[in-house]
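Counting starts at 1 for both ligands and their atoms, in listed order. FYI, side chains are in, hydrogens and waters are out, and symmetry mates aren't considered; it's all heavy atoms of this structure.
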Amino acid sequence: MRKSIATVSLSGSLSEKLGAVAAAGFDGVEIFENDLLASPLGPEDIRKRAADLGLRIDLYQPFRDFEAVPEDVLENNLRRAEQKFSVMERLGADTMLVCSSVSPDSIDEDELAADQLRLLAQRAEAHGIRLAYEALAWGRHVSTYDHAWRIVELADHAALGTCLDSFHILSRGSDPRGIERIPGEKIFFLQLADAPRVAMDVLQWSRHYRCFPGQGGFDVAGLVHAALRAGYTGPLSLEVFNDVFRQADASRTAVDAMRSLLTLEESVGLASPPGRVVPSSFAFAELAAADTEPLRALLGALGFVRTGRHGGKPVELWEQGEARLVVNTAGASRREGPALTALGLETPDPGAATRRAESLLTPVIPRRRAAGDVPLEAVEAPDGTELFFCRTRREDHPSWTDDFAPVLPLEDTAGPEPGTVVTRIDHVALTQPWHRFDEASLFYPSVLGLQPNESLDLADPYGLFRSRAVANPEGTLRIALNVAPVPGERETHPQHIALATDDIVTTARRVRDHGGGLLPIPGNYYDDLRARHGLADDTLATLRELGILYDRDEYGEFHHCYTVTLGRVFFELVQRTGGYRGYGAPNATVRLAAQHTAELGLRPG
Ligand SMILES: O=C(O)c1ccc(O)c(O)c1
Ligand SMILES: [Mg+2]
């Protein structure tokens, strides 16, 4: 279907918005009146710019506070409308959105609303213009789509139809199946937006927190399905009022928007991009480090053994069980210390995974590899992390590990005697730049087929941390997406790699005994834990000694502890028992505070 987006969804001038919309592949736009008013370009210039970019102006909006008013007000409202019609003729726009009145002048009388809208439709028709009447969720007398449709039906004019907006419908909890009873040709326009499920005033919710379908908690696809069943054939148009998108780069937002629509089309059976290729585990995590000594010491203490050195680059492979870490000293920042820069995702078909990512407008990373290297497919995640699609040591595919020549274990790190305690990478936590969080929470499900968890707000000593995990259905690949409280901190906020172990007490002791500092946890936490979970005294003493945190859900138990932070990364050790599904979220506040304390302790004074 045709794809459209409202200019209000993007930052910048109207001209910049049109450029971004066209570049992302949209067919049309809804021009928001404020964007036109603020533009130095006249309507004819805008019309030309849109035409040059191959964009149709699908809608002009909004016309407010028109219907169900006393005679004298009506006269003035019709005069206002005539002015809009003439602007629309100059723009070349043929559909105007009329939203339900919020004016105290309006009267709660459907007949009157229908009579006046019929009159407006007659005037519009004379200009070749159609009217799409939309119920605002906070409309004074008309606030539901079925009510707006009843009035349109009553008015019974060819130039008057309804506009459905998924936000207004789903925010009020209306049943979208009723849409199927509206004749498709009377649905003049379909606006799509998602939103996080929060309890707040609906107007504030709509004007500040809308997001693209797939980024919030609404069943937008179900609503689109109902509109299609009704016979709707117009554009799918995104209309998103969002404080973050208003500040973000318009081109980037437009691509995010297009990814949302492409995914939505797929989910309602309107398009079939290359199928999802869901990763099964982490092949590796890559750390960039200029000064490798502290990192090597920590990896040694964690039980990792250096097993390989890259043939052509200053890159080492460290392994333990199925956990693999790649340490890259090329181009790393000495000032910031080690950082997590790439993830290898074990995937059944790397080529197919790349094709899907590309079809959903994900940047594919050009191969910067030497001639003899094993080919590797990689794409860029919203936060800039490189994602490599891998087949590790399988018969059917070259393995990235073949680029590494075996080496003797380092003699200069006092690592523990070999013996696996870490079995695999349990999850990776990626701190997202604040303006990429929504994009990321759509990217991982739509491109990689990972399932999103609920979004959580966690208290940090200096703000709130938003966190949302995505995982494959088996729970063998998990990524926690966090957004740091302070925007400026995004460059420095640490990421972390969580390592799974079957015996966290032995592992933590070994780390500590080999000098790989563990994060100290305050005694108050353990006093509270005793009361909350009724753990035995000796168990509690062990947890306290090693700084191990504890959580429990309906499926099982979770023990976890943290290393100190090196540069921009730290490690977590986790032990899941009995199918525990979470990430220890109730402990996040204590962990974040402990990290702040540890950081202060390092500062002089
Ligand atoms: O917030 C508003 O006023 C507003 C205006 C036009 C729309 O289409 C809409 O959904 C909301
Ligand atoms: Mg709307």
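- Protein heavy atom at the shortest distance from atom 6 (C) of ligand 1 is Q61 OE1, 3.0 Å.
- For E239, the N/O/S atom at the shortest distance from the Mg ion (ligand 2) is named OE1.
- Within E134, the N/O/S atom positioned nearest the Mg ion (ligand 2) carries the name OE2.
- Within ligand 1, counting atoms from 1 as listed, the ones closer than 4.0 Å to a heavy atom of E134 are 6 (C), 7 (C), 8 (O), 9 (C), 10 (O).
- In this structure, the protein non-hydrogen atom closest to atom 10 (O) of ligand 1 is H168 NE2, 2.7 Å.
- Scanning all protein heavy atoms for the shortest distance to atom 1 (O) of ligand 1 gives R207 NE, 2.6 Å.
- Side chain of R259 to main chain of L361: a donor-acceptor pair is present (N/O by atom type, distance under 3.5 Å, no hydrogens or angles).
- Look at E239 and R210 and you find a salt bridge, because one of the NZ, NE, NH1 or NH2 atoms lies within 4.0 Å of a carboxylate O, short of that distance.
- Formation of a donor-acceptor pair under 3.5 Å by the Q61 side chain with backbone atoms of E30 is not found in this model.
- Of all atoms in ligand 1, listed by their number and element, those nearer than 4.0 Å to a heavy atom of L136 are 4 (C), 9 (C), 11 (C).
- For S166 (side chain) and A193 (main-chain N/O), a donor-acceptor pair under 3.5 Å exists by modelled atom type.
- Between E266 and R356, at least one side-chain nitrogen of the basic residue sits less than 4.0 Å from a carboxylate oxygen of the acidic one, meeting the salt-bridge criterion.
- Of all atoms in ligand 1, listed by their number and element, those nearer than 4.0 Å to a heavy atom of Q191 are 8 (O).
- Counting backbone and side-chain atoms alike, Q191 contributes an N/O/S atom closer than 2.8 Å to the Mg ion (ligand 2).
- Salt-bridge formation is detected for the pair D52/K48: a Lys NZ or Arg NE/NH1/NH2 atom is positioned less than 4.0 Å from an Asp or Glu carboxylate oxygen.
- S171 is listed as a side-chain neighbour of F218, based on a closest heavy-atom distance under 4.5 Å.
- F241 counts as a contact of ligand 1, since one of its heavy atoms falls under 4.0 Å from the ligand.
- Inspection of the N482 and S467 side chains reveals an N or O donor paired with an N or O acceptor under 3.5 Å.
- Polar contact with ligand 1: absent for S206 (N/O pair, distance under 3.5 Å).
- Here the N, O or S atom of D165 that is nearest to the Mg ion (ligand 2) is OD2.
- A donor-acceptor pair shorter than 3.5 Å cannot be found between the side chains of E109 and H141.
- Contact annotation: E33 has no heavy atom less than 4.0 Å from any atom of ligand 1.
- For the pair Y133 and L117, the minimum side-chain heavy-atom distance is below 4.5 Å.
- Between R150 atom CZ and T144 atom OG1 the span is 6.5 Å, to the nearest 0.5 Å.
- Taking any N or O of W138, backbone or side chain, none lies under 3.5 Å from an N or O belonging to ligand 1.
- Contacts of L97 with ligand 1, taken as heavy-atom pairs under 4.0 Å, involve the side chain alone.
- Residue contact check: D165 has heavy atoms under 4.0 Å from atoms 10 (O) of ligand 1.
- Considering only non-hydrogen protein atoms, atom 7 (C) of ligand 1 sits nearest to E239 OE2, 3.0 Å.
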